[in-house]
Structures are given as C-alpha cells and as structure tokens.
Amino acid sequence: MKTIEVVAAIIRRGDKIFATERGYGPWKDWWEFPGGKMEAGESPEEALVREIREELSADIAIDRFLSTIEWDYPEFHLTMHCFLCSLKGEALHLNEHEAARWLGKEELDEVRWLPADVQLLPLIEKELKRI
C-alpha cells in the first residue's frame, strides 16, 4: 500500500478553529483541516506555509506541533503532520475548497470530518478548553 505524507493546519482564532469542505475527488463534501502533500526536500513546516498560501491565500504562524496521525484509507496509508497555527492577517480566500467554517468546541461534530481528521478532534477539544 502506498503512503502519502501530508501536513495539516489547525488554524485557531480565539476559541474557534478553521475547517474546510472538500470540493473535489472521492471525498467531496467531507470536512478537513487545510493543508496538503509535502514536496521533496520540504520540511513539514515549509510545506504547511506553502499549502496554506496556495489553498487560502493566507499567511500563517506555526505555533506548535500537535500530533502526527497515521490512517489507512482503502487506497493508501496517510501520514498527517498536524500543527496548531494562527493567521498573520485576516484575509482568507477559498481557492480549492467548497466552503469553510470557524467552529467552537461545541460545534466540532456539526460537520462530516474525513476519517483521519476525526482522530484530531479530542486533541483540539482539549486545546480549545485551555482558552
């Protein structure tokens, strides 16, 4: 089974986190944390900054590493490096996603998360309780 290595940004603003809805592919209409595939020679942090610029036309500050999720999808094994982040500015533009929402801890179950992203929710709830 092939392995895909990706990065994900858990972008936090106050007591909410940013989620995006996929607008393409077999997982269309499922929700995820923005990010994407790492390119050869990139560190996870470099890949994340690049992916968020591409997907959201936004600059982020990477606050700290949260977790690496390992998940088996039917077609591939996913290794997803996840970081807590904050926006450097206010502007966000959906270049690849169908929709987006800012979710508080009580709203996290209102969207249909991709299976790998679901694994992050307990960690995110714990982070949001700290505020």
Side-chain angles (χ1 to χ4, degrees):
M1 179 180 287
K2 98 175 154 175
T3 296
I4 297 177
E5 191 170 13
V6 301
V7 290
I10 293 79
I11 301 171
R12 184 171 54 187
R13 180 167 41 190
D15 63 349
K16 297 192 181 291
I17 53 104
F18 189 71
T20 54
E21 184 179 15
R22 291 178 68 92
Y24 57 91
W27 296 94
K28 183 182 181 323
D29 300 328
W30 289 67
W31 289 75
E32 65 183 348
F33 296 104
K37 292 180 185 173
M38 293 174 58
E39 293 180 358
E42 278 184 318
S43 70
E45 294 86 353
E46 290 167 335
L48 193 55
V49 167
R50 175 187 52 76
E51 282 287 342
I52 297 305
R53 278 190 189 130
E54 290 173 6
E55 290 185 7
L56 301 172
S57 299
D59 287 320
I60 56 169
I62 297 175
D63 300 324
R64 69 180 174 83
F65 172 76
L66 182 62
S67 182
T68 295
I69 301 296
E70 303 283 347
W71 188 261
D72 288 325
Y73 284 97
E75 303 83 20
F76 59 90
H77 176 81
L78 181 75
T79 299
M80 181 170 63
H81 307 290
C82 308
F83 295 84
L84 288 170
C85 302
S86 52
L87 292 172
K88 289 185 175 180
E90 293 298 314
L92 285 168
H93 184 268
L94 298 180
N95 297 323
E96 295 183 18
H97 294 93
E98 199 167 286
R101 288 180 61 186
W102 286 98
L103 301 170
K105 65 179 178 281
E106 61 284 336
E107 300 166 307
L108 291 175
D109 62 354
E110 292 180 7
V111 300
R112 182 171 61 162
W113 293 100
L114 287 169
D117 292 63
V118 168
Q119 309 311 304
L120 286 168
L121 297 182
L123 295 172
I124 291 167
E125 288 174 5
K126 190 181 293 184
E127 287 296 323
L128 292 176
K129 285 179 184 175
R130 290 182 183 187
I131 297 170

With the side chain counted from C-beta on, respond yes when [X] and [Y] share a heavy-atom pair under 4.5 Å apart, and no when they do not.
X	Y	answer
K37	I4	yes
W102	I11	yes
F18	L92	yes
E45	V7	no

Which heavy-atom pair separates [X] from [Y] by the least distance, and what is that distance?
X	Y	value
L48	A8	CD1-C, 3.6 Å
N95	R53	ND2-O, 4.3 Å
E55	P34	OE1-CB, 3.6 Å
E42	A47	OE1-CB, 3.3 Å
A116	L78	CB-CD2, 3.6 Å
M1	D72	SD-OD1, 3.9 Å

Using the rule that two of Ile, Leu, Val, Met, Phe, Trp, Tyr join whenever any of their side-chain heavy atoms come within less than 4.5 Å, decide whether [X] and [Y] are in one cluster.
X	Y	answer
M80	V111	yes
F83	I17	no
I69	I124	yes
L87	L128	no
L84	I52	no

Could you tell me whether a side-chain N or O of D15 sits under 3.5 Å from a main-chain N or O of G104, the two making a donor and an acceptor? no
Under 3.5 Å, side chain of E127 to main-chain N/O of L123, donor-acceptor pair present? no
Output yes when E46 and R50 qualify as a salt bridge under the 4.0 Å nitrogen-oxygen rule, no when they do not. no
When rounded to the nearest 0.5 angstrom, what distance separates [atom1] in [X] from [atom2] in [Y]?
X	Y	atom1	atom2	result
R101	E107	CZ	CD	6.0 Å
K28	E98	NZ	CD	3.5 Å
K2	F76	NZ	CZ	7.5 Å
E5	E39	CD	CD	12.5 Å
S86	D63	OG	CG	3.5 Å

Dump the intermediate steps for side chain to side chain donor-acceptor pair (under 3.5 Å) on H97 and T20, then the final yes or no. CA-CA 6 Å; H97 294 93; T20 54; 3.2 Å; yes
Can V6 and T79 be said to form a side-chain contact (heavy atoms from CB on, under 4.5 Å), step by step? CA-CA 6 Å; V6 301; T79 299; over 6 Å; no
Answer yes or no: are there more than 12 heavy-atom neighbours, outside E90 itself, under 6.0 Å from its atom CD? no
Within 45° cone and under 6.0 Å: R112 NZ/CZ vs W31 ring: no
Using 30° and 60° as the class boundaries, would you call the ring planes of F33 and W113 parallel, tilted or perpendicular? parallel
Test log, rule side-chain contact (heavy atoms from CB on, under 4.5 Å), inputs D109 and L121: CA-CA 9 Å; D109 62 354; L121 297 182; over 6 Å; no
